[in-house]
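Working notes for the structure below.
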Amino acid sequence: MKKYLPYGRQSITNKDISSVKKILKSDFLTTGPTIKLFEKSLSKFCRSKFAVAVNSATSALHIACLSLGIKKGDIVWTSPISFVASANCAIYCGAKIDFVDIDINSFNISIENLKKKLILAKKGNKLPKVIIPVHLAGYSCEMKEIYSLSKKYGFKIIEDASHGIGGIYNKMKIGSCYYSDIAIFSFHPVKIITSGEGGVAMTNNKKLMEKMKLFREHGINKNFNTNKKPWYYQQQDLGFNYRMSDIHAALGLSQLKKINKFIKRRNLISKYYKSKLKNLPITFQETKKNIYSTFHLFLILVPKLLHLDIFKFLRKHKILINLHYIPIFLHPFYSKKNLFKIKDYPNSINYYNRAISLPIFYDLKKKDQDKVINLIQKYFKKNN
Ligand SMILES: *Cc1c(COP(=O)(O)O)cnc(C)c1O
């Protein structure tokens, strides 16, 4: 193996390429019919009423927060084990972010910790307006429990399902928004399906959909009776240009047709890793009968004392393993104000000291996966 083996990468076929080419020769490179078709197909796939396609999941998180009225003084909670965008979206709106420690088995927000934190917050009059659960690796959070807490404490829910398109929870697709107000997906090339760059916000709430569309397009509303003034439109709020182009949508649409095949393969790769690594001192993300993971990531926890050494060992052998993620509150932007105490997040710190993402993607070759497995087995033989 001469090249580095990445932890994830896109799978693009000639069909994908020709569907993009077709758009390049058509009348609409943007704001055309392909966006609407992509949105409709996503809604149909997830069984949500609406989909608002945008240029990234980060933009989707931003307009999701805005549509729920997040503003200065509000409080938003998310998981510390996520990409920084899960927290940044609240900061964009001037809100305060706080973190709920993860569960050490699911690696997602812990329901027990969430309950405790809500009781304290209620006493201190500091309840969150929105909670953003993150389905790490495409393994759904306990949404039913989070939903019932949202009714008790009066917060809204945005699912950061950047990893989760095609995942299933209690027989329902992630993105159906059965237990949430909004769910967002990412179409970045390392994710389950790609549009190059891109994202989408799913919802069943017409008002939220309309608001998100407004924020996506400068805050401009063009839907007026224009009989008298055919040129008329209004900027009603301060929005952005977060549109997805039809070029990107064409790629996303073409990829969406293959999503079940993609996820099946990721599940098979995971099964094979588990069968070969299960006798080593390695912990996997839990599995439950009511949750079908997309396996956007294949996460393992190794002994803390060997973590750095294993990392270096695999990197030396050109396996580009990664760590998803550094707890968000450890980044200087978040830690500099000393708002977060490490002792409040024992599970996230434990996870951070032990986690590794192994290569997993649709086109991963068996011989490359075997190479990763053999290296890890060899490492533990030498170091036990
Ligand atoms: C990738 C990712 C994002 C951001 O997605 P973009 O489309 O790159 O903006 C947000 N949250 C999580 C958990 C992610 O993995």
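For ligands, and for the atoms within them, numbers begin at 1 and follow the listed sequence. Residue numbers start at 1 and run along the sequence shown. Everything quoted here is computed from the prediction, not taken from an experiment.
Using cut-offs of 30° and 60° on the angle between ring planes, the pair Tyr345 and Phe99 is perpendicular. In this structure, Phe187 and Phe185 have tilted ring planes: the angle between them lies in the 30° to 60° band. Between Tyr169 and Tyr179, the angle of the ring planes goes over 60°, which puts this pair in the perpendicular group of the 30/60° scheme.
The existence of a salt bridge linking Arg216 and Glu39 is confirmed by a sub-4.0 Å separation between a basic side-chain nitrogen and an acidic carboxylate oxygen.
In this structure, Ser82 counts as a contact residue of ligand 1, since one of its heavy atoms falls inside 4.0 Å of the ligand. No heavy atom of Ser59 sits closer than 4.0 Å to any atom of ligand 1.
Residue nearest to atom 1 (C) of ligand 1, selected from His296, Glu197, Lys191: Lys191 (by heavy-atom distance). Here the shortest heavy-atom distance to atom 10 (C) of ligand 1, taken over Ser162, Pro189, Ala60, belongs to Ser162.
Remark: minimum distance from atom 9 (O) of ligand 1 to any protein heavy atom is reached at Thr58 OG1, 2.5 Å. Of all protein heavy atoms, the one closest to atom 15 (O) of ligand 1 is His163 NE2, 2.7 Å. Nearest protein heavy-atom contact of atom 11 (N) of ligand 1 is Asp160 OD2, 2.8 Å.
Numbered from 1 in the order shown, with element, the atoms of ligand 1 that lie under 4.0 Å from a heavy atom of Gly198 read 7 (O). Numbered from 1 in the order shown, with element, the atoms of ligand 1 that lie under 4.0 Å from a heavy atom of Tyr325 read 15 (O). In summary, the atoms of ligand 1 found under 4.0 Å from a heavy atom of Ala57, numbered by their order in the structure, are 4 (C), 5 (O), 6 (P), 7 (O), 9 (O).
Tested against Asp181 for a side chain to side chain contact (heavy atoms under 4.5 Å, CB included), the candidates Ile158, Leu208, Thr203 yield a single pass: Leu208. Considering Leu280, Ile376, Ile282 in turn, Ile282 is the only one that fulfils the side chain to side chain contact (heavy atoms under 4.5 Å, CB included) rule with Val302.
Judged by the 6.0 Å distance and 45° axis criteria, Lys173 is positioned over the aromatic ring of Phe45.
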